[in-house]
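Here the structure is laid out as structure tokens; the discussion comes afterwards.
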Amino acid sequence: MSVHKNVKRVTTNVLLEMKQNGEKISMLTGYDFSMARIIDQAGIDVILVGDSASNVMAGHETTLPITLDQMIYHASSVVRAVERALIVVDMPFGSYQGNSKEALSNAIRIMKESGGHAVKLEGGQEIIESIKRILTAGIPVMGHLGLTPQSIYKFGTYVVRAKEEDEAKLLIEDAKALEAAGCFAIVLEKIPAKLAQQVAKSLTIPIIGIGAGGGVDGQVLVVHDMLGINNEFSPRFLRKYNNLFEQMMTSFQDYIKDVKTGDFPNENEQY
Ligand code: KIV
């Protein structure tokens, strides 16, 4: 029997049961009330208030500039819209790496001020102290390994990670450390499909992939990317379910034309 179809509210336990039951987990990013409401009503399992808001909402080149206050603003907008999905909120760059006490107080701010259900942190054994401390407050933590965009200046590029044996070995160790610390799930971004499958098979917690192949327990995409709003972004892993760039462009151009020609508003569109 399907686990996810029968739940009124998705929890971390539901995700674990879905993995045990062999049911794939669906996850999309969401940053605002109107979009999150549609995503939730469509039946998504998890909404990630990603720090990719820094790119797609604010127009920054990287995820580094977004602040804790801005993440809380986006997350609280999503929380007001959602009735069913589990809401995971990214901890932004600089809010958890240096000091585990600060990490805990920042995670508490996210939970208290946004009403989100869990936080996500990028990194492995180097941030384990922060993860363990956040968990002491009863805050569920999702991990994120592979291509971790907050470290883009260390990597230098957004190419596939962990292709070499050394990095793949480290990734497996990191994933095991995150599970042992108590993370409820891990995102694996842009790594070879075979490696991602190996991690998903060897861990009991759900593994959600983005650019990590089909052998994992679920998939996540950035909502603006899968809707085709940004027509300049087409990595191999991205399946576009729409071409909203074209559709929105046509709608805006039609509106402008109608206003300029006086066609809008017509007699039925006025009082
Ligand atoms: O911020 C984000 O959108 C993410 C996903 C790419 C997993 O972390």
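Atoms within each ligand, like the ligands themselves, are counted from 1 in listed order. Please read these numbers as outputs of a predicted model, since none were measured by experiment.
- Looking only at distances, a side-chain donor or acceptor of T11 sits under 3.5 Å from a matching main-chain atom of V14.
- Looking at T250 and Q253, their side chains never bring a donor and an acceptor atom within 3.5 Å of each other.
- Between the side chains of K19 and T204, no donor-acceptor pair is found at a separation under 3.5 Å.
- More than 12 non-hydrogen atoms from other residues, nucleotides or ligands lie less than 6.0 angstrom from CZ of F33.
- Although no hydrogens or angles enter the test, the distance criterion places a donor-acceptor pair under 3.5 Å between the side chain of E269 and the main chain of N266.
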Enumerate, atom names and distances included, each donor-acceptor pair closer than 3.5 Å involving a side-chain atom of residues 40-57, sequence neighbours excluded.
| residue | atom | partner | partner atom | Å |
| --- | --- | --- | --- | --- |
| D40 | OD1 | R84 | N | 3.3 |
| D40 | OD1 | A85 | N | 2.9 |
| D40 | OD2 | E83 | N | 2.7 |
| D40 | OD2 | R84 | N | 3.2 |
| D45 | OD2 | S26 | N | 3.0 |
| D45 | OD2 | S26 | OG | 3.1 |
| D51 | OD2 | Q150 | NE2 | 2.6 |
| S52 | OG | Y31 | OH | 2.7 |
| S54 | OG | T62 | O | 2.7 |
| N55 | ND2 | H60 | O | 3.2 |
| N55 | ND2 | E61 | O | 3.2 |

Table of N or O contacts for ligand 1, cutoff 3.5 Å:
| residue | atom | partner | partner atom | Å |
| --- | --- | --- | --- | --- |
| ligand 1 | 1 (O) | D51 | N | 3.2 |
| ligand 1 | 1 (O) | D51 | OD1 | 3.0 |
| ligand 1 | 1 (O) | S52 | N | 3.1 |
| ligand 1 | 1 (O) | S52 | OG | 3.2 |
| ligand 1 | 1 (O) | D90 | OD2 | 3.1 |
| ligand 1 | 3 (O) | S52 | OG | 2.5 |
| ligand 1 | 8 (O) | K120 | NZ | 2.9 |

